[in-house]
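Take a look at the structure below.
Along the sequence shown, residues carry numbers from 1. From a predicted model like this one, the values you see are computed outputs, not experimental measurements.
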Amino acid sequence: MSLLVLAHAAGCNLLDTSDAEGTRGRGARAFDPYASSASGAISLTLLSFKGCAILPNGSPVTKGNLALPEYPATCHDLTAGYPLSPDRAEPTARMTVTAGELYFLREFSVMDAVSGEHTDYTDRRKAAAWASRVSDFKDLDWSGLTIGQDDWRQMDLGAFRRETFYENAAWMLSTDDTLTLDVLDADGNVRVSQTYLRTDFLSESSSAGRTRVSFTVGSIARPTFPGDPVAVPAYEGEDINYTSAVKVSFANSTNPFKSFAMPALNGEGVIRVTWSLLPKKPFLFPVTFVPKRELPSTCFELGADGLPTDVPTTCGFGLTQKLQLARPQNGNYHQPGESVDFVVSLQDGDGHALHPRDSMPSYADYMYSGTSNGLAYFNSYMLVNWRDSSTSESGFKVVGPLQDLKVVNGAHTPPYFAYPEASEPAYYVHPAAPFRPGGADHRPPTRYSVKLPENAKPGTYAILLKGHRDFMGERLSRMDPFFFQVGQTQPTTYPGRIGNCQVCHNGANSLSNVHHGVSVDHVETCKTCHHDESVGHVSDFMHKIHMNSRKYAQNKGDCTLCHLTRESTLRPSLIACAGCHPGTHGDEYKDLEFEPLSSPTSIYGNCANACHVTTPPAEHVLPAR
């Protein structure tokens, strides 16, 4: 390793391998957000839309009997449809927190948006004027605001979304602002207070799905030429969707030791967050304090087999995903053509089952009655209205063998076994199910069977469980792999082309605590879902997130920090390179952005075959081999 590389990586202690991911600040009585009562504090998520607190499922929160003249009497229901209706109604949902528990602020996300108001496709100034002069955030310092890039994304066959981002406003560039969290009782008395720095939060950029100011035009066909001023609907008879939005979102606290004890109250109260950049407009989150002893017994004890019994018990915080595999026919490993049978068991961090043995809660339990014990399913309205980057795509995927997992470029079918083949998982509740007769009330099973192909390659395969839970103010996402053998007893492992995430992602911000919640040991599973634009291509967003993060202070041309092999760096494509070098070729190859996924001439094509084969870019530091 050269002295040059050592200097670049010093900020992340690259050579200190003694501290594996998750050891600092984790473990019993540390801040493991999945550990329930064994965690030092519970993570708290606060969401607000147009001044109304909302639950993670999009339902607006009532102020109840509290005297809060500054809290809206009527609110938008984000679950009511898309584009969002201008109609408002008196909210009824309640946000509950456990009295006496230690919490820390993990996410603060507030948003204002209008749909169908700015409908001039070519006028990007009106949305900016609304944001800076009319929106709930008009009192921020908007000086320096510029019109940034247009991000085109193919959402479906022949259907695109163009999002214009606005950048460089003074408030966006601030580094010394703060969030002061006060917990008030029903009489308005401050019972607890804690102040967080903006720099206490890891994720805040639009590249990570967080803070964004944008003008979005959706459901449009491909333009006929770069700069085409005419927007055409993607499908005949359907309308083009226009949305202007301001979203401020700080997530993943880097300092969970700034905890606070939720007051030992019973009944109503308020969490108030005052952003130092908007000191006269605090954000209010009405809550209901519930003492732990009064929590209902809606979870279930586990039996000796590790699966739920019918004995009720109270639920704890956290999320644990368990899976039991049926024994293969030969007793040692599965053969090609066999079916892999397994049972899913979703539990809290205390080992209590969140559902009965044979079924999970229905979509209606999650969305409408709040009786899912926090288990959350895919929520299409939160995806499009809230632009939620953790939209509850709960389900599973079966992939393998591990040694064949590689980034998929421009193909619908990956070069390894995957069930489903598409980028999305096999949902417990399919996104379309709630819109079909009886679909919202159907209770998904816990038992599943996936048939292996007749030509399945030997090696280690994985069942990837993806789960989400919203419980008593805590919002968690996680992804866990469970392994089985096919064709042989000897284990195989990932290709080992990328890694080192634990160099910077450790402690409270280890990868297992960020976004989907997957350990660095299994980071190569990300590619099995993220291989098209609709969900984000891994080579695009992974570069883009780090290049646009103020927290990533390393040499951004040093590929050796994350790429472990030279080969993994030497496949340039428009989508891979644009994550760091947007607009390098101008409009010269703009038409390729709108080609179908599997077209040989598309943004996924290998530029090395045409132009970049002889000499890698000199400004990049590549692995030696």
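- By the side-chain hydrogen bond (donor to acceptor under 3.5 Å, both in side chains) test, Ser48 is found to be paired with no residue, residues two or more places apart in sequence or in another chain being considered.
- Just one of His531, Glu524, His530 meets the side chain to side chain donor-acceptor pair (under 3.5 Å) condition when paired with Lys527; it is Glu524.
- By the 4.0 Å N-to-carboxylate-O rule, Arg357 lies close enough to Asp305 to be salt-bridged with it.
- Donor-acceptor pairing under 3.5 Å is lacking for the side chains of Ser253 and Asp200.
- Between Tyr363 and His442, the distance from one ring center to the other does not fall under 6.0 angstrom.
- Contacts classified as disulfide (SG to SG under 2.5 Å) and involving residues 294-378 (residues at least two apart or in different chains) are given here: Cys299-Cys315.
- Residue Val290 forms a side-chain contact (heavy atoms from CB on, under 4.5 Å) with just one option from Leu295, Asn266, Thr98, and that option is Leu295.
- A ring-ring contact (aromatic ring centres under 6.0 Å, His included) with Phe378 holds for exactly one of Phe435, Tyr427, Tyr366; it is Tyr427.
- More than 12 non-hydrogen atoms from other residues, nucleotides or ligands lie less than 6.0 angstrom from NZ of Lys551.
- For the residue pair Thr492 / Gln490, no side-chain donor-acceptor distance below 3.5 Å is found, with atom types taken as modelled.
- For CZ of Arg198, the number of neighbouring non-hydrogen atoms (other residues, nucleotides, ligands) closer than 6.0 Å is greater than 12.
- For Arg475 and Asp388, the salt-bridge test passes: some basic side-chain N is under 4.0 Å from an acidic carboxylate O.
- Each of Thr320, Thr298, Asn373 was compared with Leu354 under the side-chain contact (heavy atoms from CB on, under 4.5 Å) criterion, and only Asn373 meets it.
- More than 12 heavy atoms of other residues, nucleotides or ligands shown are found within 6.0 angstrom of CD on Glu294.
- Note on ring orientation: taking the six-membered ring where Trp is involved, the planes of Tyr448 and Tyr428 are tilted (angle from 30° to 60°).
- A donor-acceptor contact shorter than 3.5 Å is absent between the side chain of His355 and the backbone of Ser345.
- The pair Arg443-Asp358 fails the salt-bridge criterion, with no side-chain N (NZ, NE, NH1 or NH2) lying under 4.0 Å from an Asp/Glu carboxylate O.
- Remark: Arg212 does not engage Glu204 in a salt bridge, criterion side-chain N to carboxylate O under 4.0 Å.
- For Asp77 against Ser59, the heavy-atom pair with the smallest separation is OD1-CA, 4.2 Å.
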